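Residue indices begin at 1 and follow the sequence shown. Quantities reported herein were computed from a predicted structural model and do not represent experimental measurements.
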Amino acid sequence: MSLEEVIAIRVREHRLAKRISVAALAQRTGMSKAMISKIENAQTSCSLSTLAKLADALSVPVTALFRGVDAEREAVFVPAGHGAQIVRRGSNVGHLYEQLGSLRGEHKRIEPLLVTLTEASEVFPLFQHAGTEFLYMLEGVMVYGHGDSRYEMHPGDALQFDGEGPHGPVELRELPIRFLTVTAYGTMEAAH
């Protein structure tokens with residue numbers, strides 16, 4: 001999409017969301033209804049001062065009118081079996097952690113891992129960390145603890161919990177065990 005098309009979509013989107021008519025937006029900005037119509041139909045290029053007036057009238061930051069312009073966003077593709085092996089507490093007792101993706105900077109809000117527990121795995125002290133964790137069982141059977149609760153997990157079972165509560169495998173029943181875990185952080189400060 002062209003810059004004009006993106007701005008057209010965003011202006012219309014914000015105007016409709018705020019239930020403002022074309023006439024009311026024209027009045028708020030000091031522009032004609034015809035000019036607002038041209039902007040919303042991508043028939044004109046806006047000056048910076050026009051964009052500032054529109055943003056002010058719609059009570060949004062000017063940058064909101066450009067959302068979607070830079071369609072190139074960071075993405076991480078990890079082919080099967082090629083996730084980075086990462087070392088965590090537990091790596092030295094047979095727990096294998098494979099990172100399935102990791103955006104950097106402000107976009108690092110989730111951390112997906114594939115965890116494999118083998119014959120060499122041992123049960124160890126529980127984890128505690130910021131964020132919310134989601135666990136999805138793929139293979140094997142284990143008892144997973146969170147706080148004082150215990151969950152017997154089989155393939156297809158899911159568990160979501162507050163990461164600040166002590167948690168981790170407490171009993172390995174059928175090996176090998178494989179599960180997907182995704183930790184979501186509320187803010188960048190919480191992510192490590």
Side-chain angles (χ1 to χ4, degrees), residues 1-80 82-84 86 88 97-115 127-136 146-147 158-167 179-192:
M1 277 193 290
S2 69
L3 181 58
E4 290 80 9
E5 290 169 322
V6 170
I7 291 169
I9 290 167
R10 296 299 163 245
V11 169
R12 186 178 313 109
E13 174 183 271
H14 289 293
R15 179 179 63 75
L16 293 174
K18 294 190 179 356
R19 301 179 195 275
I20 301 171
S21 68
V22 171
L25 184 58
Q27 186 178 12
R28 288 183 184 190
T29 59
M31 293 182 232
S32 67
K33 288 191 295 185
M35 178 54 87
I36 298 294
S37 181
K38 280 185 175 184
I39 292 168
E40 286 194 4
N41 288 298
Q43 295 172 341
T44 186
S45 293
C46 295
S47 67
L48 290 175
S49 62
T50 298
L51 288 171
K53 287 177 189 175
L54 287 166
D56 186 51
L58 294 167
S59 300
V60 297
V62 172
T63 54
L65 302 179
F66 296 102
R67 198 180 79 242
V69 169
D70 58 343
E72 276 299 311
R73 293 292 190 166
E74 185 179 13
V76 177
F77 173 70
V78 180
H82 289 82
I86 62 172
R88 283 274 170 93
Y97 300 94
E98 184 179 346
Q99 192 167 42
L100 299 179
S102 180
L103 294 177
R104 298 180 310 271
E106 67 178 288
H107 298 291
K108 183 184 177 180
R109 295 197 184 111
I110 65 165
E111 182 179 51
L113 299 173
L114 178 61
V115 181
F127 292 106
Q128 286 181 274
H129 54 76
T132 301
E133 188 165 341
F134 172 78
L135 188 148
Y136 183 78
H146 180 259
L159 180 64
Q160 185 173 358
F161 52 87
D162 178 349
E164 294 193 14
H167 61 277
F179 59 92
L180 174 67
T181 176
V182 179
T183 302
Y185 302 101
T187 62
M188 189 51 217
E189 291 75 45
H192 50 276

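- Using a 4.5 Å cut-off on side-chain heavy atoms (C-beta onward), Phe66 and Leu51 make contact.
- Closest of all the heavy-atom pairs between Val62 and Ala52 is CG2-CA, 4.0 Å.
- The two residues Lys53 and Thr29 have their closest heavy-atom pair at CD-O, 3.6 Å.
- Taking 4.0 Å as the cut-off between side-chain N and carboxylate O, Arg67 and Glu13 count as a salt-bridged pair.
- To the nearest 0.5 Å, atoms OG1 (Thr63) and CZ (Arg10) are separated by 12.0 Å.
- The two residues Ala57 and Ile20 make their nearest non-hydrogen contact at O-CD1, 4.3 Å.
- We find the CG-CG distance between Leu58 and Leu25 to be 5.0 Å, quoted to the nearest 0.5 Å.
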As a quick check of understanding, evaluate side-chain contact (heavy atoms from CB on, under 4.5 Å) for Thr44 and Met35, giving each step before the final call. CA-CA 8 Å; Thr44 186; Met35 178 54 87; 4.0 Å; yes
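- The shortest side-chain heavy-atom distance between Leu65 and His14 falls under the 4.5 Å cut-off.
- With contacts defined as side-chain heavy-atom distances shorter than 4.5 Å, the pair Glu133/Phe127 does not qualify.
- Residues Thr183 and Thr132 are not in side-chain contact: their nearest non-hydrogen atoms beyond the backbone lie 4.5 Å or more apart.
- If you take CG on Leu159 and CZ on Phe179, they are separated by 10.0 Å, rounding to the nearest 0.5 Å.
- Between Tyr136 and Ala158, the shortest heavy-atom contact is CD1-CB, 4.2 Å.
- Within 6.0 Å of the NZ atom in Lys33, the count of heavy atoms belonging to other residues, nucleotides or ligands does not exceed 12.
- Proximity of a side-chain donor or acceptor of Asn41 to a complementary backbone N or O of Gln43 within less than 3.5 Å is not detected.
- The side-chain heavy atoms of His146 and Pro166, taken from C-beta on, include no pair separated by under 4.5 Å.
- With a 4.5 Å cut-off on side-chain heavy atoms, Leu54 and Met31 count as touching.
- Here the straight-line distance linking atom NZ of Lys38 with atom OG of Ser32 works out to 8.0 Å at 0.5 Å rounding.
- Between Ile39 and Cys46, the closest side-chain pair of non-hydrogen atoms falls below 4.5 Å.
- Classification of the His129-His167 ring pair by plane angle, with boundaries at 30° and 60°, yields perpendicular.
- Shown here for Ala8 and Ala42, the closest heavy-atom pair between the two residues is CB-N, 3.7 Å.
- Judged purely by distance below 3.5 Å, without hydrogens or angles, the side chains of Ser45 and Glu4 pair a donor atom with an acceptor atom.
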